[in-house]
Each structure stands twice: as C-alpha cells, then as structure tokens.
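Along the sequence shown, residues carry numbers from 1.
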Amino acid sequence: MKGTPLLDRKFLRENRELVVRAVALKNESVDIEAYYAKDAERRAALQETETLQAEANKANRAISERKKAGEDAGEAIAAMKEVSGRIKELKANAEVLEQEVEQLYLRIPNIPHETAPEGGEENNELIRTWGEIPEFDFTVMPHWDIATEMGIFHPERASRMSGSGFTLLSGAGARLERALINWYLDVHLEQGYTEFNVPYLVGRPAMTGTGQLPKLEEDMYHCQVDDLFLIPTAEVSLTNVHMKETLDFADLPLKYCSCTPCFRREAGAAGKDTRGLLRVHQFNKVEMVKFVDPATSWDELESLTADAEELLQKLKLPYRVLALATGDLSFAASKCYDLEVWSAGVDRWLEVSSCSHFVDFQARRAGIRFKGPESKGFVHTLNGSGLALPRVMIAIMENYQTADGRIRVPDVLVPYMGGMEYID
C-alpha cells in the first residue's frame with residue numbers, strides 16, 4: 001500500500017491540485033485559495049526582505065569605507081534609513097501574514113488515502129462481517145425499556161441534574177459498565193498495550209496537535225478561566241504523551257491504552273437518537289493509540305483494527321467493518337475503518353469503534369519525531385476505540401435479553417461481574 005504524502009507547507013505548494021481536491025473530497029470549508037494567496041504574499045515579503053537586507057549589508061560596508069577614508073557618507077546613510085524602514089515594514093507584514101497563513105494551514109484536512117472510497121457516507125465500503133444476527137421468538141425490547149424496567153437506568157434523574165444528553169446507571173447496570181472497562185483493559189494488556197491514566201483537561205496545543213482545534217472548538221466543553229478543554233476522547237491525551245519529543249526508533253511501535261470519560265457538546269443531530277444511550281454528551285471509552293514506523297504503518301492499521309475486533313468476537317456480538325468514504329472521514333484521518341455492532345432492540349448497526357490512520361498529520365502538528373541509525377522523521381500515529389461503552393452496553397442489553405425479561409451476561413464478563421450470569 002502506497003504512503004500518503006506528508007502535509008507540510010512545501011508539499012502544499014508543490015501539490016496544489018491534490019490538496020484542493022482533498023479539501024473537496026472531505027467537504028471541508030477552509031478557504032484554500034486564501035491560504036495559497038496569503039502564503040505567496042508572505043513568501044514574497046520574505047524574499048524582498050532578504051534582497052533589501054543584502055543591499056543594506058553592502059551599503060553598510062560602503063558607508064564604513066567612506067568614513068574611514070574621511071569622505072561624506074550622508075547621502076548613503078539617508079538612503080540606508082529608507083531601506084531599513086522598508087525592511088522593518090516588510091518584516092511586520094510578514095509576521096501578520098504568517099499568523100494568517102498558520103490559522104488557515106491548521107484548517108487544511110489530512111489527505112485521504114488512495115484506497116479510501118470517494119463520496120459520502122452512502123459510499124462507505126463493506127469490508128467484512130462477523131457473527132450471526134440473533135433471532136428471537138419473542139418481542140425484543142429496546143435497551144431503554146428493558147433497563148428502565150429493571151431499575152438500572154434513570155434518564156429522568158440524569159436530565160434533572162444535567163439536562164438532556166446525559167445518563168445515569170445504577171446497580172447491575174453500573175457494574176456491567178465497570179466490568180466491561182476492566183475486561184477491555186486486561187485484553188489490551190495481553191495484546192501488548194501499556195495502560196495510562198491521563199488528564200481529562202488539556203490545553204490548546206494538545207487539542208491542536210490531534211486535530212480537534214481549531215475546527216471543532218464549538219463542539220468542545222471549554223473551561224474559559226483556565227483555557228482548558230475537556231477531552232472528547234483519550235486519543236488527545238494519549239497522543240500528546242509524546243508532544244515535542246523525539247522517540248528512539250528501536251522503541252517503535254509504542255502501543256498505549258486508556259479508559260476515560262469523553263465529553264462532546266455536539267451529541268448528534270437535533271431530535272435524532274435522543275433516547276437511551278445512543279447519543280450522549282458524556283460517556284466512557286477505552287482508547288488505543290499507536291506510534292509507529294512509517295514503513296510499517298499500514299500493517300499497523302490492520303493489526304489495530306484486529307485488536308478492536310477481538311473484543312467484539314469474545315463478547316460474541318455480531319459486527320461489520322466498513323472502510324469510510326472520503327466525505328465521512330474525520331478531519332485528521334487519512335483512512336479509517338468503522339466497526340459497527342448489531343443491536344436487536346433498535347434493529348440497526350451501531351458504530352462502536354473507529355480505527356484511524358493519521359500518517360504523520362498529528363505527529364507533525366504535535367512535534368512527535370523519531371530517530372534511528374538509518375532513518376529519522378515524524379512518526380505515524382493511529383488510534384481506535386476499544387471500545388466505546390454506551391453502544392456496547394446497548395448491544396449486550398438488546399442481543400442478550402431473554403424471554404423472561406432478564407439480560408444474560410456474556411461469558412467473558414461473568415468473572416468480572418462476581419459470578420453473576422444474569423441481570424434481572
């Protein structure tokens with residue numbers, strides 16, 4: 001599989017047609033023509049500054065020689081002041097242009113990989129499916145009904161304290177989520193990941209490094225007094241573990257995981273999927289992040305996806321893997337596989353993991369490099385959910401429900417539930 005180009009400014013200048021096309025494929029709103037115009041203006045100002053500085057250096061030497069020879073240098077000095085003034089003006093203009101160019105640069109998306117299908121969500125490509133969709137000889141209830149009847153889900157109480165888009169689980173419901181978290185992390189440790197306990201609040205550089213800022217600022221929960229953001233995913237904290245660091249090539253790949261709450265102001269389209277656990281502003285998720293050798297990064301994407309799939313297979317939940325089309329890719333991703341689990345009560349596929357390859361897009365923004373005896377550069381970063389808790393909870397409650405109104409606990413979770421085999 002061929003590599004995706006490196007999205008630095010030199011590449012942007014030399015591959016304008018490709019970049020403009022990438023912006024269109026991702027349906028991004030950045031004014032790409034303004035970026036190129038201002039970058040050209042900035043470069044012209046810098047070039048003129050260099051030319052005038054060279055002339056100024058030459059004139060200074062001439063002035064010095066005239067003074068040594070006892071000659072009048074007044075006219076040359078006056079001309080020099082004019083040149084110096086112009087240089088100062090150009091430098092100030094270049095600084096302003098640099099800030100404008102940088103802000104536009106940060107809004108240019110990663111370039112979709114050549115294997116990503118073109119188009120919108122309707123063009124997502126089915127890669128494979130696993131498991132059989134369950135059949136029932138009784139009427140299947142959606143998770144919000146069965147969990148409310150059991151007394152383990154309290155949407156009204158959550159709404160009274162926090163408003164819409166928040167959830168409250170109790171008893172066996174809360175225990176089931178904790179069991180999933182502990183089991184997820186134990187499986188990831190067996191897969192070779194190192195567990196981290198990370199900050200939930202991060203600064204602008206961290207959010208910019210992974211690509212959430214500046215584009216998604218309005219979707220973030222922002223603490224204005226401290227200018228800190230509640231993380232939308234542990235990807236932000238885990239990736240920035242190595243912000244502004246140079247990694248030893250011999251240590252690659254590095255595989256990290258963490259469970260954190262995730263905070264998102266935009267929980268979906270207004271009025272859509274508002275019931276139960278489908279779309280919420282706060283939820284728990286275990287995240288996997290990799291820092292890898294660019295030469296093997298595409299193989300690492302496949303293994304990352306397999307790590308997430310292993311969880312669903314051990315839970316015996318039917319799922320499918322989709323390759324996202326360009327218009328459905330995230331701002332920072334070059335390629336992404338979505339894992340969607342089948343949920344019988346809502347009768348649909350639900351996304352539970354996005355396994356994304358960012359090439360060097362995040363590493364370049366966050367300053368994460370590697371160095372070895374034969375190569376050096378920016379690492380490639382990848383991340384995937386392993387897994388998002390709410391929708392796995394939905395799938396378990398709906399797919400594992402019984403005719404007598406109970407929920408059977410998946411075999412792998414029974415030890416984590418203290419031997420409990422059914423929730424009732």
Using the side-chain contact (heavy atoms from CB on, under 4.5 Å) rule, take I396 and L317 through it: C-alpha gap first, then chi angles, then the decisive distance, then the call.
-> CA-CA 8 Å; I396 289 174; L317 292 172; 4.3 Å; yes

List the steps and the verdict of side-chain contact (heavy atoms from CB on, under 4.5 Å) for V292 and W298.
-> CA-CA 10 Å; V292 305; W298 294 103; over 6 Å; no

Steps toward side-chain contact (heavy atoms from CB on, under 4.5 Å) verdict (T239, I368) | CA-CA 9 Å; T239 303; I368 308 171; 4.3 Å; yes

Trace of the side-chain contact (heavy atoms from CB on, under 4.5 Å) decision for D248 with K371 = CA-CA 5 Å; D248 189 332; K371 185 176 182 180; over 6 Å; no

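Put simply, the side chain of T51 gets close to the backbone of Q47: a donor and an acceptor are under 3.5 Å apart. When atom types are taken as modelled, the side chain of D8 and the backbone of F11 share a donor-acceptor pair closer than 3.5 angstrom. S297 contributes a side-chain N or O that, together with a main-chain N or O of P294, makes up a donor-acceptor pair within less than 3.5 Å. With hydrogens and angles disregarded, a donor-acceptor distance shorter than 3.5 Å links the side chain of N399 to the backbone of A344. Remark: the backbone N or O of V346 is not paired with any side-chain donor or acceptor of S343 at under 3.5 angstrom. In this structure a side-chain-to-backbone donor-acceptor pair under 3.5 Å is missing from D360 to A363. Counting only distance, with no hydrogens or angles, the side chain of E398 and the backbone of H143 share a donor-acceptor pair below 3.5 Å. No donor-acceptor pair under 3.5 Å is formed between the side chain of D145 and the backbone N or O of M141. In terms of modelled atom types and a separation under 3.5 Å, the side chain of S353 and the main chain of S385 share a donor-acceptor contact. Not a single donor-acceptor pair under 3.5 Å links the side chain of T305 to the backbone N or O of C355.
Across all their heavy atoms, G209 and R365 have their closest contact at O-CB, 3.6 Å. Nearest heavy atom pair, residue T233 against residue R264, reads CB-NH2, 3.9 Å. Scanning both residues, I181 and C259, for their nearest heavy atoms gives CG2-SG, 3.6 Å. Considering every non-hydrogen atom in both L329 and A116, the closest pair reads CD1-CB, 4.4 Å. The heavy-atom pair separating T260 from V198 by the smallest distance is CG2-CG2, 3.5 Å.
No donor-acceptor contact under 3.5 angstrom links the side chains of N110 and S334, judged on distance only. Checking H188 against Y256 by side-chain atom types alone, no donor-acceptor pair falls below 3.5 Å. With no hydrogens or angles considered, no side-chain donor-acceptor pair links Q362 and T210 at under 3.5 Å. There is a side-chain donor-acceptor pair under 3.5 Å between S303 and K290.
Side-chain contact between M288 and N383 is absent, with no heavy-atom pair separated by less than 4.5 Å. Looking at M220 and P232, their side chains come closer than 4.5 Å, going by heavy atoms from C-beta outward. Counting heavy atoms from C-beta outward, L389 and F283 have side chains that stay 4.5 Å or more apart. Between V392 and Y184, some side-chain heavy-atom pair lies under the 4.5 Å cut-off. Contact check for L413 versus V409: side-chain heavy atoms found under the 4.5 Å cut-off.
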Could you go through residues 85-92 and list every donor-acceptor pair under 3.5 Å that involves a side-chain atom there, pairing it with any protein atom two or more places apart or in another chain?
| from | atom 1 | to | atom 2 | distance (Å) |
| --- | --- | --- | --- | --- |
| R86 | NE | E48 | OE2 | 3.2 |
| R86 | NH1 | E89 | OE2 | 2.9 |
| R86 | NH2 | E48 | OE1 | 3.3 |
| R86 | NH2 | E48 | OE2 | 3.2 |

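Between E17 and R21 there is no salt bridge, since no side-chain N of the basic residue sits under 4.0 Å from a carboxylate O of the acidic one. The residues E302 and K335 are annotated as not salt-bridged, no charged nitrogen and carboxylate oxygen being separated by less than 4.0 angstrom. With respect to the salt-bridge test (charged N to carboxylate O, under 4.0 angstrom), the residues K38 and E33 do not qualify. Electrostatic pairing of K285 and E287 counts as a salt bridge here, judged by a charged N lying under 4.0 Å from a carboxylate O. With salt bridges taken as basic N to acidic carboxylate O contacts below 4.0 Å, none links R42 and E102.
Sequence neighbours left out, the pairs with a member in residues 222-236 that pass salt bridge (Lys or Arg N to Asp or Glu O under 4.0 Å) are R204-D227. For residues 310-325, the salt bridge (Lys or Arg N to Asp or Glu O under 4.0 Å) pairs, not counting sequence neighbours, are E310-K314, K316-D411, R320-E340. For the ring-ring contact (aromatic ring centres under 6.0 Å, His included) condition, the pairs that include at least one residue of residues 302-331, sequence neighbours left out, are W130-Y319, F331-F361. Among residue pairs with one or both ends in residues 168-177, those qualifying as side chain to side chain donor-acceptor pair (under 3.5 Å) are H154-S170, E177-N284; sequence neighbours excluded.
Cation-pi contact between R9 and Y105: present, with separation from the ring centre below 6.0 Å and deviation from the ring axis of at most 45°. Both the sub-6.0 Å distance and the 45° axial angle are satisfied by R16 relative to the ring of Y36.
Judged as a ring-ring contact (aromatic ring centres under 6.0 Å, His included), and not counting sequence neighbours, the contacts of W349 are W342. The side chain to side chain donor-acceptor pair (under 3.5 Å) test applied to Y193 returns D307, not counting sequence neighbours. Scanning for side chain to side chain donor-acceptor pair (under 3.5 Å) contacts around S356 gives an empty result, with sequence neighbours left out. For Q282, the side chain to side chain contact (heavy atoms under 4.5 Å, CB included) test picks out F166, F263, with sequence neighbours left out. A search for ring-ring contact (aromatic ring centres under 6.0 Å, His included) contacts involving F378 returns nothing, not counting sequence neighbours. The side chain to side chain donor-acceptor pair (under 3.5 Å) test applied to N93 returns no partner, not counting sequence neighbours. Applying the side chain to side chain donor-acceptor pair (under 3.5 Å) criterion to D328, with sequence neighbours excluded, gives N124.
The line from CG of N182 to CE of M417 is 11.5 Å long, rounded to the nearest 0.5 Å. The line from CG of L387 to CG of L315 is 7.5 Å long, rounded to the nearest 0.5 Å. Note that the CG atom of L169 and the CG atom of L277 stand 6.0 Å from one another [nearest 0.5 Å]. Of the inter-residue distances, the one linking E351 atom CD with R391 atom CZ reads 6.5 Å to the nearest 0.5 angstrom. In this structure, CG on L322 lies 8.0 Å from CD1 on I127, to the nearest 0.5 angstrom.
Note on ring orientation: taking the six-membered ring where Trp is involved, the planes of H357 and H380 are perpendicular (angle over 60°, cut-offs 30° and 60°). Using bins of under 30°, 30° to 60° and over 60° for the plane-to-plane angle, the ring pair F370/F249 lands in the tilted bin.
Heavy-atom contacts from other residues, nucleotides or ligands closer than 6.0 Å to CD of E122 number more than 12.
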